[in-house]
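By convention in this document, chain letters (A, B, ...) are assigned in the order of the sequence lines, proteins followed by strands, and residues within each chain are numbered from 1.
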Amino acid sequence: MSEERIGDKLMTAREAVERFIPDGAQIALGGFTINRNPMALAREIVRQGKKDLHLVCHSHGQAMDLLVGAGCVKRIEIAYAGSGRFAPTSIRFRKAVQEGALEVEDYSNFQMSLRFLGGSLGLPFMPAKTGFETDLVKKQGFSESSRTEPKVANKKMLEMENPFDSGRDKVLLLPSLTPDVALVHAQYVGDDGTARIKGLTFADVEQARAAKTLIVSCEEIVPAEHLRQDPDQNQLPHFLVDAVVKAPYGAHPTACHFFYDYHPQHLWTYKKNAGNDRAFMDYLQEWVFGISDEHDYLEKVGISELLTIKASRITGYAPGLDRR
Amino acid sequence: MSEERIGDKLMTAREAVERFIPDGAQIALGGFTINRNPMALAREIVRQGKKDLHLVCHSHGQAMDLLVGAGCVKRIEIAYAGSGRFAPTSIRFRKAVQEGALEVEDYSNFQMSLRFLGGSLGLPFMPAKTGFETDLVKKQGFSESSRTEPKVANKKMLEMENPFDSGRDKVLLLPSLTPDVALVHAQYVGDDGTARIKGLTFADVEQARAAKTLIVSCEEIVPAEHLRQDPDQNQLPHFLVDAVVKAPYGAHPTACHFFYDYHPQHLWTYKKNAGNDRAFMDYLQEWVFGISDEHDYLEKVGISELLTIKASRITGYAPGLDRR
Amino acid sequence: MASYTDKEIMAISAGRLIGQNDVLFAGTGVSMLAATVAKRVHAPNAVVFFETGGIDPSLDELPLAVADPRVMYGSCVNSGLIEAFAILGHRKLRTVAFLGAAQIDSFGNLNSTVIGDYNRPKVRFPGSGGGCDAASLAHDTIIFMQHEPRRFVNELDYFTSPGWLRGGESRMEAGYTRGGPMAVVTDLGVLKFHSKTKRMYLAECYPGVSPEKIIENTSFELDVSQAKETRAPDERELKVLREEVDPQRLILG
Amino acid sequence: MASYTDKEIMAISAGRLIGQNDVLFAGTGVSMLAATVAKRVHAPNAVVFFETGGIDPSLDELPLAVADPRVMYGSCVNSGLIEAFAILGHRKLRTVAFLGAAQIDSFGNLNSTVIGDYNRPKVRFPGSGGGCDAASLAHDTIIFMQHEPRRFVNELDYFTSPGWLRGGESRMEAGYTRGGPMAVVTDLGVLKFHSKTKRMYLAECYPGVSPEKIIENTSFELDVSQAKETRAPDERELKVLREEVDPQRLILG
């Protein structure tokens with residue numbers, strides 16, 4: 001067992017964002033639509049007014065829409081922009097695309113997941129068998145000039161004959177993703193820095209391993225010995241984790257399995273305000289800029305509301321939660 | 001929850017081998033050198049005198065050497081043939097290769113693992129960045145005529161420029177593996193057929209998902225509800241499992257984490273006998289042919305020997321086991 | 001004869017198309033209802049799984065998105081996205097995927113990305129998500145649509161997910177190894193695809209809906225010669241849907 | 001001056017080459033000893049991991065193979081093979097891989113597959129295992145060899161794992177992105193590679209071993225002009241090796 005202790009990796013969200021997220025960084029957002037989004041880190045990125053970010057996501061929701069809405073994002077590679085019933089299409093994303101204020105390149109979920117997998121395995125590209133002859137292949141969102149930038153693949157994807165097949169079997173080749181930064185919210189981090197995600201991991205593990213810098217926000221920091229009693233359940237070894245941010249409710253208003261459900265009341269509030277620019281500015285002022293850190297944020301959400309979404313340790317969600 | 005119950009998938013090793021393993025089948029062996037080899041199934045394959053099998057393994061040990069030694073195997077694609085200290089090179093494998101009695105194609109562990117991964121994802125090939133200009137690329141073990149057979153890739157591997165890189169970045173392309181049968185020994189199978197492997201999974205999960213037919217032997221069959229209390233730990237959903245064989249000590253003499261350690265005494269006995277043909281025939285007669293089923297086999301190993309390798313529920317191995 | 005809403009008959013009609021041992025790839029909304037009611041009424045051995053990796057969950061409460069923690073409870077396996085898509089396309093599984101979209105053409109190709117020019121769209125939708133993957137890899141797909149002329153179009157604004165491409169054998173020639181849409185379930189009826197030409201035709205009209213009404217709501221030419229009337233949802237199907245699957249009417253509305 | 005065996009000085013000399021925050025990719029046998037003693041004596045923050053996926057285990061008892069259950073106890077992560085190889089080649093990690101082989105040439109290329117003709121070999125060895133992958137992907141490799149002429153050869157019978165290929169820049173031109181052997185640790189001394197030509201040269205002779213003896217045991221021309229004498233293993237290094245790492249002398253013999 002190494003004497004590795006979390007030590008100087010443990011820091012505030014402010015410090016992690018200041019140190020590891022420069023303007024223009026390519027960022028992979030962990031989580032999926034309304035589940036386990038790295039919201040505390042996203043709020044801090046907005047607070048620090050980061051600019052020209054290049055987001056890479058499969059299916060993303062609240063964190064992506066907040067960053068796009070706050071004008072932090074210049075370019076995004078994405079498969080699905082929505083938050084289930086609470087936003088069939090992510091509202092600020094939709095507005096930005098329709099106003100031409102955002103460079104978008106569309107892929108499918110499996111394609112984006114394979115691109116992260118390829119990056120996590122040190123492979124330059126990955127084959128895929130989905131989307132032949134669709135506009136995902138034929139139409140381009142990024143301009144030719146963007147294609148010359150370092151973190152942008154020089155081609156969106158390619159089609160190729162399968163050299164191991166005598167017939168006409170074809171594959172698409174997808175450029176791998178190696179993001180500058182991956183943001184992951186996990187339930188547990190050991191005091192040696194190792195992370196354990198409970199419930200569905202989506203593509204967080206591939207994103208985390210593909211990234212140059214990995215920031216993990218978490219609900220709890222626990223003795224490493226506890227996590228080492230069942231290492232099968234731990235996904236991210238400490239030497240891959242660059243920064244750990246203790247952030248209870250750090251995924252709010254999205255869900256965190258076994259800790260809290262998604263928060264319908266807040267998601268409806270977001271939906272109500274995101275529809276027009278003025279109301280959205282008020283939302284940002286009230287829930288991001290006007291708040292110095294996550295404790296104020298949670299005070300503002302209020303304990304009674306937090307209790308309504310308290311997840312059962314058995315089911316992992318809040319049984320009987322009013323979700324209308 | 002589906003009403004799916006294990007029902008007619010539960011069968012004896014004899015029935016599973018009879019029904020699902022024809023002569024000439026391509027078989028992926030789960031486990032790794034001296035850990036979690038599907039030994040009970042391998043012994044049954046030898047007992048039924050299966051012929052012309054085509055094995056595909058990364059680093060394999062006892063099960064592979066038993067099958068090769070008993071003359072069941074015509075062709076093998078492998079990265080490493082050995083059982084750690086107990087056989088730096090697998091003894092019957094070495095003899096068969098030196099006598100020209102076995103077609104062998106060498107790959108590396110990462111290459112074979114990527115080939116299984118490609119097969120599990122429905123992809124025809126996988127890129128790799130290991131082994132450029134080595135003889136793994138340049139020398140061929142399989143004859144041109146074998147290369148025309150259905151389950152043999154038409155090319156061992158190919159080299160290709162990376163089309164997403166302006167420079168001279170290269171990749172190797174490896175044909176994916178979709179074995180006719182995968183043999184996996186797991187600690188637990190639920191009574192709905194779902195399997196949970198504890199400890200290192202090696203490439204068992206990729207092999208199991210890449211295969212057309214999946215046979216899982218296991219230490220215990222437990223209520224599905226138990227496994228469903230923590231689905232994060234289950235790797236193989238019931239609808240991928242074709243046959244379940246209850247086989248306590250089914251990996252002996254290799255280890256099964258949290259159940260039993262590898263059995264040095266038996267592995268040294270194997271090593272002593274495998275060196276010459278006559279002695280090896282005696283070993284097969286004594287430990288395979290002369291035994292009708294696994295209960296007789298365990299009687300023969302003997303309870304006191306089994307107690308010496310009884311694994312601790314905490315460490316997963318037999319603390320203080322004499323391994324000289 | 002019990003009364004029922006559009007969503008109810010859509011969910012139930014789709015549910016009837018499910019085979020005993022199918023593996024159902026459920027999306028959100030009506031497709032979630034269809035998969036769950038199919039399992040409870042027609043095919044108890046069918047397995048519902050979600051593209052996020054929740055396989056065969058208990059579904060005590062209805063998930064409102066494929067990433068809803070409710071897809072993770074009581075499941076046999078909680079895997080990652082990649083493993084879920086591997087199952088979706090697994091050659092030994094009869095996977096049936098439920099899809100929705102903004103537009104559909106006469107060969108069942110779908111648009112869930114934009115209306116207007118891709119680089120400066122009039123309307124932006126969420127995008128493919130797992131839709132293109134499901135349409136590419138599943139053994140069969142069932143598509144849910146509101147039956148309106150602006151949705152049943154001659155030409156898609158953006159081609160997101162593959163149906164039968166240009167009809168005939170064009171799907172297989174393009175590189176796909178299997179699959180293709182089995183049916184389109186709308187609020188007016190059920191449409192299927194001609195076995196040779198792969199062009200959409202009207203298979204069923206819901207009670208009280210005339211083939212003419214369906215033609216009016218379809219921009220491309222539609223063969224209605226084989227249309228029969230759909231059997232109305234029966235008591236049991238409605239009871240399961242309303243009391244067990246969506247008691248809070250979260251999706252039924 | 002304490003007495004010591006070949007294996008002891010080999011394990012300890014290799015251990016001394018390890019940096020503080022290295023991630024050590026351990027094989028079986030002597031390389032297992034070297035990784036463990038390096039960690040306990042020189043680099044407590046170094047992390048030992050195994051190609052089977054056992055990462056940073058407690059190593060209370062010495063594993064006898066990379067798949068020994070002892071690599072799975074007290075580890076921070078138990079992953080699969082693929083994840084382990086991804087870590088081995090991870091661009092942000094200084095991974096140091098320990099390798100052994102049957103033959104080595106003057107550029108550190110290795111043979112662990114056959115002696116004689118590949119299709120009908122005189123002697124068959126286990127094969128690459130993870131050796132070729134480690135030699136291809138690790139930040140550095142350290143090779144353990146018995147110093148004999150039949151092992152230090154002009155030309156390999158089979159080229160299994162890449163060292164510096166044909167020397168100079170040939171490794172990078174071949175498609176590798178980093179790595180290459182840092183040192184060869186034998187029972188007679190320690191050899192390194194010229195920074196430009198990448199040809200092997202003698203860096204250290206163990207106490208009592210003359211450069212001539214090493215030349216005698218090397219089939220190819222060897223530059224011994226820079227050879228110094230290795231500092232003998234000290235009390236502490238031997239104590240840790242004998243009492244903590246391999247008390248049963250399972251590998252030390």
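- Residue contact with chain D, scored on non-hydrogen atoms closer than 4.5 Å, involves the backbone and the side chain of B:L321 alike.
- A salt bridge is defined here as a Lys NZ or Arg NE, NH1 or NH2 lying under 4.0 Å from an Asp or Glu carboxylate O, and B:R147 with B:E144 fails to meet this definition.
- For B:R85, the parts lying near chain D are the backbone and the side chain together; criterion is any non-hydrogen pair under 4.5 Å.
- Between B:F259 and B:Y188, the ring planes are perpendicular. Angles over 60° get that label, and only those under 30° would be called parallel.
- Within the 4.5 Å cutoff, no side-chain heavy atoms of B:V137 are placed close to those of B:F132.
- Contacts of D:D68 with chain B are made by both backbone and side-chain atoms, with heavy-atom separations under 4.5 Å.
- Salt bridge present: B:D169 and B:K129 bring a charged side-chain N and a carboxylate O closer than 4.0 Å.
- With a 4.5 angstrom heavy-atom cutoff, D:L137 touches chain B only via side-chain atoms.
- A cation-pi arrangement is absent between B:K310 and B:Y317 under the rule of less than 6.0 angstrom and at most 45 degrees off the ring axis.
- Per-residue counts of heavy-atom pairs under 4.5 Å with chain D were compared for B:E133, B:R324, B:K170; the largest is that of B:E133.
- Remark: the backbone N or O of D:R178 is paired with a side-chain donor or acceptor of D:R171 at under 3.5 angstrom.
- D:Y118 touches chain B through its side chain: at least one heavy atom from C-beta onward sits under 4.5 Å away, while N, CA, C and O do not.
- At a 4.5 Å heavy-atom cutoff, the contact between D:L165 and chain B is made by side-chain atoms alone.
- Contact annotation for B:Y262: only side-chain heavy atoms (C-beta onward) come within less than 4.5 Å of a heavy atom of chain D.
- Ranked by heavy-atom pairs under 4.5 Å with chain B, the list D:R120, D:M72, D:R70, D:E173 is led by D:R70.
- With chain D as the partner, the residue from B:K95, B:E103, B:K139, B:Q111 showing the most heavy-atom pairs under 4.5 Å is B:K139.
- Two residues are said to be in side-chain contact when any heavy atoms from C-beta on lie closer than 4.5 Å; B:H58 and B:F116 meet this criterion.
- In this structure, B:R75 forms a cation-pi arrangement with B:F142, its terminal cationic atom sitting closer than 6.0 Å to the ring centre and no more than 45° off the ring axis.
- Proximity to chain D involves both the backbone and the side chain of B:E105, based on heavy atoms less than 4.5 angstrom apart.
- In this model, no donor atom of one side chain and acceptor atom of the other lie less than 3.5 Å apart for B:H266 and B:H252.
- When heavy atoms are compared at a cutoff of 4.5 Å, B:Y107 approaches chain D solely by way of its backbone atoms N, CA, C and O.
- Using a 4.5 Å cut-off between heavy atoms, B:T315 contacts chain D through both its backbone and its side chain.
- Identified by a heavy-atom distance below 4.5 Å to chain B, the contributing residues of residues 122-134 of chain D are D:K122, D:V123, D:R124, D:F125, D:P126, D:G127, D:S128, D:G129, D:G130, D:C132, D:D133, in residue-number order.
- Counting heavy-atom pairs closer than 4.5 Å to chain D, the top-ranked of the candidates B:T33, B:L172, B:L136, B:T254 is B:L136.
- Interface remark: B:A255 contributes side-chain atoms only to the contact with chain D (heavy atom separation under 4.5 Å).
- Proximity to chain B is absent for every atom of D:D117, based on heavy atoms less than 4.5 angstrom apart.
- Of the charged side-chain nitrogens involved, none lies within less than 4.0 Å of a carboxylate oxygen, so that B:E206 and B:R115 do not count as a salt-bridged pair.
- The side-chain heavy atoms of B:R209 and B:Q235, taken from C-beta on, include no pair separated by under 4.5 Å.
- Within the 3.5 Å criterion, the main-chain N or O of B:S146 finds a donor-acceptor partner in the side chain of B:S143.
- When each of D:A135, D:G253, D:A86, D:P69 is checked for heavy-atom pairs under 4.5 Å with chain B, D:P69 comes out on top.
- Under the 4.0 Å criterion applied to side-chain N and carboxylate O atoms, D:E8 and D:R249 are assigned as salt-bridge partners.
- Of the listed residues (B:G316, B:G131, B:S59), the one with the most heavy-atom contacts under 4.5 Å to chain D is B:G131.
- D:R94 has a carboxylate O that lies under 4.0 Å from a charged side-chain N of D:D22, or vice versa, which qualifies the two as a salt bridge.
- The 12-atom threshold is exceeded at CD of B:E161, counting heavy atoms of other residues, nucleotides or ligands nearer than 6.0 Å.
- For the options B:Q140, B:R94, B:Q98, B:M112, heavy-atom pairs under 4.5 Å to chain D are most numerous at B:Q98.
- Heavy-atom pairs under 4.5 Å with chain B peak, among D:N78, D:T113, D:L250, at D:L250.
- The environment of D:E169 atom CD is sparse: at most 12 non-hydrogen atoms of other residues, nucleotides or ligands sit within 6.0 angstrom.
- Of all the listed residues (D:S161, D:A84, D:S79), the one sharing the greatest number of non-hydrogen pairs under 4.5 Å with chain B is D:S79.
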